[in-house]
Amino acid sequence: MARTAGPRLPETFARKLSALFASTVRTATGDPWTNTTLAEAVTEIGVPVVQSYISQLRHGKRTNPSADLVGAIASAFGVPVGYFYDGEEATQRQIDEQRTVNALRAAGVENVAWRASGISAQGLEQLAKLADYIRAMEGLPPAE
């Protein structure tokens with residue numbers, strides 16, 4: 001795959017990349033990302049990179065990765081490539097969404113959330129009542 005220089009990324013690329021490391025776990029294992037695991041994932045996607053280059057990107061020592069590399073990093077983290085180009089508000093929203101997904105995975109309720117997708121407001125209300133009932137039966141405190 002040809003490596004062409006992409007458009008110059010905002011000064012915040014290092015911060016945005018570091019935020020992904022802090023807020024995202026690897027989907028397959030649930031383990032935190034490291035420079036090495038990201039380099040391996042990006043290389044598997046088809047864009048060879050070494051962990052030292054990932055480290056340089058995270059610390060702002062390198063600031064002009066190829067468009068292919070930016071796309072592969074975004075793909076590995078499961079965020080749209082625009083994450084690296086969008087303004088701070090959109091970036092924060094994407095980080096918050098990723099944290100929510102991670103919390104759902106960690107709590108083991110991601111499957112329940114997917115099943116609830118598309119249910120009417122009335123159906124969701126009934127589902128919430130059922131969850132409250134089960135929590136009470138299991139001696140858990142009410143959900144906030």
TODO: Over all heavy atoms of both residues, which pair between Ile45 and Ala72 is shortest? Give the atoms and the distance, please.
DONE: CD1-O, 3.4 Å

- [ ] Indicate the atoms forming the closest heavy-atom contact of Gly60 with Thr63, along with that distance.
- [x] O-CG2, 3.6 Å

Open item on the list: Just to verify, which of Arg58, Glu40, Gln56 counts as forming a side-chain hydrogen bond (donor to acceptor under 3.5 Å, both in side chains) with Asn35?
Closed with: Arg58

Open item on the list: Between Arg135 (side chain only) and Pro141 (backbone N and O only), is there a donor and an acceptor less than 3.5 Å apart?
Closed with: yes

TODO: Cation-pi check, Arg62 to Tyr53: give yes when NZ or CZ is under 6.0 Å from the six-membered ring centre and within 45° of the ring axis, no otherwise.
DONE: no

Task: Euclidean distance, Met137 CE relative to Asp132 CG, rounded to 0.5 Å - done: 13.5 Å

Task: Polar side chain donor-acceptor pair, Thr34 to Thr37, under 3.5 angstrom - done: yes

Task: Atom pair CG (Leu69) and CD1 (Ile54), whose distance is rounded to the nearest 0.5 Å - done: 5.5 Å

Task: Least distance between heavy atoms, Pro48 atom then Thr43 atom - done: CA-OG1, 3.6 Å

Task: Nearest heavy-atom neighbours spanning Val81 and Ala74 - done: CA-CB, 3.7 Å

Task: Main-chain N/O of Gln51 paired with Ser55 side-chain donor or acceptor, under 3.5 Å - done: no

TODO: Just say parallel, tilted or perpendicular for the rings of Trp33 and Phe77, cut-offs at 30° and 60°.
DONE: tilted

Open item on the list: Taking Leu20's backbone N and O only, do any of them form a donor-acceptor pair with Thr24's side chain (distance below 3.5 Å, no angle check)?
Closed with: yes

Open item on the list: Donor-acceptor pair, distance only, cut-off 3.5 Å: does the side chain of Tyr83 make one with the backbone of Lys16?
Closed with: yes

